[in-house]
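Every value quoted in this text rests on a predicted model; they were computed, and no experiment measured them. Every chain is numbered from 1, with letters handed out A, B, ... down the list of sequences.
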Amino acid sequence: MSSEQSAYTSSQTKQQRVLACVLCQQRKVKCDRNFPCANCTKSQAKCVPATLLPRRRRRRFAERELLDQLRNYEHLLRQHNIDFEPLRKDSPSTKESPDEPQDEHGVAEVSSPSSNLKSKPIPEVKSFWHAVRCRFGSDDESDDYVDDFAQTVGRAMDKVYVNDGSLILGLRQIPVDLSPLHPEPAQILRLWQLFVDNVNPLLRVVHTPTVQGYVIEAVASTKSMKPITEALMFSIYATGIFSLSEEDCLSVFGTQKDELMVKYQFGCQQALANCGVLRTSDRDCLTAFYLYLISFNHTTDPRALSSISAIAIRIAQRMKLDKDSPDGDYSVLEAEMRRRLWWALVLFDLHISQVAGEKNKTLMPTFTCRIPLNVNDAELRPEMKDEPLAHDQPTEAIYAVVRSAIGDHMRHTVFNLAYNAPELAPFARVRDGPSPEGGELMELERLIEHKYLRFCNPENPLHFVATWEARTNIAKCRLMEDYSIQAKSSPADSYGRLDNAVVHSIRMLECDTQLMASPLIKGFRWMLYFNFPFPAYIHLVKCLEKSPRSEHAERAWRALNANFLAWDISHFHKNGTFFTQVCKMVLGAWSYRETALIQAGEMIVPPPCVGRILELLSISQDVDPRDGGSDWMTDGVAGGGGEGMDDLYHMMPLGFENNSFPLGQGGSDLYADFANVAPVDAGLDSNMNRLDWAASTIDWGVGQRTTW
DNA sequence: TGTATCGGACAGTCAAACGG
DNA sequence: CGTTTGACTGTCCGATACAT
């Protein structure tokens with residue numbers, strides 16, 4: 001075509017295609033492609049050369065939808081014994097789905113089921129309203145009668161049920177004006193910067209370029225803020241403060257951290273109630289709820305937090321965050337942020353349920369949301385039509401991507417399902433051939449190291465934390481896997497595996513020490529405090545008690561010592577119970593070694609951590625009234641091989657004094673200041689926080705209760 | 001009569017599907 | 001891995017509407 005040919009400066013160089021100017025395109029008239037062109041010159045308009053639009057992804061499988069429909073009708077005809085000429089003569093009724101596995105159009109495909117699972121896929125019923133439309137005649141998208149009705153029902157629910165928030169966010173009659181709770185404009189910017197520096201690099205649930213706009217609005221005025229924006233802002237304030245140490249908070253804001261936390265958490269809670277978080281379909285609203293929960297992590301009983309986290313997961317499922325939506329349902333930016341939020345929620349839920357000692361039913365092979373893309377926020381723009389290419393090199397999202405990749409692998413492993421959902425074992429990703437030494441996680445380790453970590457710069461704080469936390473987590477997984485294998489084998493078989501678990505525990509501590517001892521991670525400590533390597537401590541202490549002079553004892557003690565000192569566990573002194581128990585565990589193991597060394601006539605040189613523990617314990621005895629006096633050494637846990645500890649839910653690193661706050665009933669005087677209500681007697685909760693290990697037992701035999 | 005608007009035919013491009 | 005298919009983008013003719 002001549003006009004098309006003229007659109008190129010040369011027929012040989014297609015790259016240099018010259019498009020008609022914007023005005024001519026708009027007017028649908030021939031453009032001479034001089035700039036300014038004749039048309040623009042004539043009409044004295046500004047001649048703007050047009051640019052080529054990025055090509056949209058082609059819609060896939062359109063004909064397959066028709067085939068599916070045809071098969072469905074053929075199936076109905078067969079069911080009713082009606083003669084017909086089938087689409088394919090060679091496809092008898094026994095083989096109705098020759099194209100298995102089916103794609104997302106009409107047939108639910110469970111993500112990566114095992115190859116040995118040959119059950120027939122079940123057609124997905126998208127929703128009741130969709131089913132109604134299918135049944136009563138029209139699959140036509142333009143049949144909006146049913147859709148209208150569905151929306152009407154939704155709107156009616158909005159009007160009828162006005163008090164949804166009171167379920168967990170406290171009873172109240174009127175929305176509270178929250179503008180007095182916002183910080184000063186300068187502090188808003190400071191909190192935003194803290195969030196951007198310390199929180200978002202790890203969570204990546206906030207698209208910085210977009211939310212920056214909200215922040216600027218908030219700086220201008222906090223009076224007429226939309227409820228969802230307000231909730232998001234308060235969640236940003238709360239997590240920003242949460243990421244600071246108490247000393248830094250005091251020096252930067254001139255106020256105690258606890259005081260600011262309670263203030264912004266209360267603001268966030270009220271704002272969430274204002275925007276009806278329990279019935280929301282808004283991603284920003286759920287993001288605010290997630291950040292709100294994050295801000296409670298250190299101070300709330302994990303069992304309570306686990307229940308609330310389940311609510312967030314349910315909201316996310318209602319919003320279909322767990323499904324990777326087909327192209328076109330959401331913009332590229334929105335789809336990516338939905339993926340990031342889903343994975344953040346899943347990993348938070350996993351963490352909380354592990355700490356609470358519960359089985360986790362979220363990190364399962366049954367959801368289809370893929371992991372976030374390894375891209376920078378600036379590469380995700382609202383107007384984008386095509387997904388940006390994921391980088392090989394680390395980006396701003398590296399930490400979130402690596403964690404999600406580990407989670408994605410984990411959810412398909414046999415040992416994860418054995419721990420959490422044995423009934424889903426057929427969906428494990430079983431590889432062919434015998435399992436090599438290292439089990440299901442060798443592949444994961446190779447993938448993570450090769451695909452993500454090898455490009456990380458150890459001097460970049462985000463890369464550093466992504467690298468060493470990934471390695472710590474993989475070591476933890478391998479320890480868990482080892483326990484899972486051990487649980488299935490006889491005691492005689494499992495004895496030889498003891499060394500594997502020791503190796504994984506030592507590796508876990510060594511990687512964790514790399515993290516905790518580094519000055520690079522200062523801004524990210526808040527996140528790392530979530531992950532005290534307690535399983536490794538328990539395993540090593542137990543092994544060191546049984547074999548105080550074994551082959552690995554020296555290395556284990558070096559690892560324990562370095563990790564204990566790196567954590568500077570006295571930091572948690574005010575949450576004394578946990579701290580005391582960890583100290584007593586280590587001390588107990590040392591006493592076994594001391595005795596063994598004396599019997600062997602060897603010289604005794606206690607590791608520095610033992611001296612530090614004795615020093616800390618002597619200080620703590622007068623200070624911490626909550627220490628129930630349970631003795632690791634004398635209560636039968638250390639010495640009594642067979643006894644077990646059923647309740648490992650108390651293995652959290654920090655105290656939980658404020659555990660009812662997320663439910664809208666503050667346990668603090670500070671809450672009363674803001675809410676103008678009488679505080680609940682905090683004393684009621686104090687017993688909940690006791691780490692009464694004396695009454696606990698640990699089942700070392702099979703380990704099925706030791707979920708971490 | 002001149003000018004602007006816009007439906008729609010047509011051509012080119014290229015990702016997905018196909019087939020050997 | 002080359003070929004085919006067809007969804008998508010870009011071009012601009014010509015019918016029509018509207019202003020002068």
Side-chain angles (χ1 to χ4, degrees), chain A residues 1-72 74 86-91 95-109 111-112 121 123-124 139-142 323-336 339 368-375 379-392:
Chain A
M1 179 183 124
S2 64
S3 61
E4 267 297 286
Q5 277 167 3
S6 70
Y8 298 94
T9 52
S10 150
S11 59
Q12 302 299 317
T13 55
K14 288 198 169 186
Q15 296 90 331
Q16 294 178 6
R17 181 179 180 190
V18 181
L19 302 182
C21 76
V22 172
L23 196 68
C24 289
Q25 278 189 344
Q26 200 182 350
R27 286 179 171 169
K28 297 192 178 182
V29 290
K30 186 168 172 61
C31 180
D32 61 14
R33 290 180 171 77
N34 295 314
F35 298 101
C37 70
N39 288 324
C40 289
T41 310
K42 199 170 164 187
S43 59
Q44 295 183 321
K46 190 178 177 192
C47 189
V48 181
T51 49
L52 211 58
L53 270 178
R55 183 167 282 258
R56 257 201 317 204
R57 196 178 280 256
R58 267 174 57 187
R59 190 158 180 247
R60 297 167 64 185
F61 306 129
E63 77 283 9
R64 288 199 180 183
E65 284 178 6
L66 290 172
L67 284 172
D68 284 343
Q69 252 179 320
L70 198 53
R71 276 192 211 103
N72 189 27
E74 288 187 356
L87 176 68
R88 284 169 63 166
K89 303 262 186 203
D90 58 341
S91 59
K95 192 190 172 195
E96 281 162 20
S97 304
D99 292 332
E100 282 178 359
Q102 299 272 346
D103 64 306
E104 67 270 23
H105 300 291
V107 175
E109 183 187 39
S111 165
S112 304
E124 179 182 7
D139 251 352
D140 183 0
E141 292 297 322
S142 66
K323 292 182 169 27
D324 224 28
S325 309
D327 292 340
D329 278 11
Y330 299 97
S331 70
V332 168
L333 169 63
E334 181 61 20
E336 180 60 15
R339 278 192 284 272
T368 56
C369 178
R370 60 192 158 98
I371 64 169
L373 291 171
N374 184 26
V375 293
E379 294 165 81
L380 294 165
R381 293 184 303 277
E383 75 280 5
M384 282 177 91
K385 291 183 175 171
D386 280 337
E387 204 170 71
L389 276 180
H391 292 262
D392 292 332

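Looking at heavy-atom distances under 4.0 Å, A:Cys24 makes no contact with the nucleic acid at all. The residue A:Gln25 sits close only to the backbone: its heavy atoms come under 4.0 Å of sugar-phosphate atoms, none of a base.
Residue A:Lys28 places no side-chain atom within donor-acceptor reach of the base of C:dG10, judged by atom type and a 3.5 Å distance cut-off alone.
The minimum heavy-atom distance linking A:Leu373 with A:Arg339 is given by the pair CD1-NH2, 4.5 Å. Residues A:Phe35 and A:Val18 share a closest heavy-atom pair of CE1-CG1, 3.9 Å. Taking every heavy atom of both residues into account, A:Asp32 and A:Cys37 meet most closely at OD1-CB, 3.1 Å. Nearest heavy atoms, A:Leu380 versus A:Pro388: CD2-CG, 3.9 Å.
At least one side-chain heavy atom of A:Pro372 sits under 4.5 Å from a side-chain heavy atom of A:Glu336. With contacts defined as side-chain heavy-atom distances shorter than 4.5 Å, the pair A:Cys47/A:Leu23 does not qualify.
When rounded to the nearest whole Å, the span between CD of A:Gln26 and C1' of C:dT11 equals 15 Å. Between A:Lys30 atom NZ and C:dC13 atom C1' there is a gap of 11 Å when expressed in whole angstrom units. The CZ-P distance, from A:Arg27 to B:dT3, rounds to 11 Å in whole Å. Going from atom CG of A:Asn39 over to atom C1' of B:dT3 covers 11 Å, rounded to whole Å.
In the helix from B:dT1-C:dA19 to B:dG19-C:dC1, the terminal helix axes, each the rotation mapping four pairs' C1' atoms onto the next four within five end pairs, subtend 10°, rounded to 10°.
A sub-4.0 Å separation between OP1 or OP2 of C:dT11 and a side-chain N or O of A:Arg33 is present.
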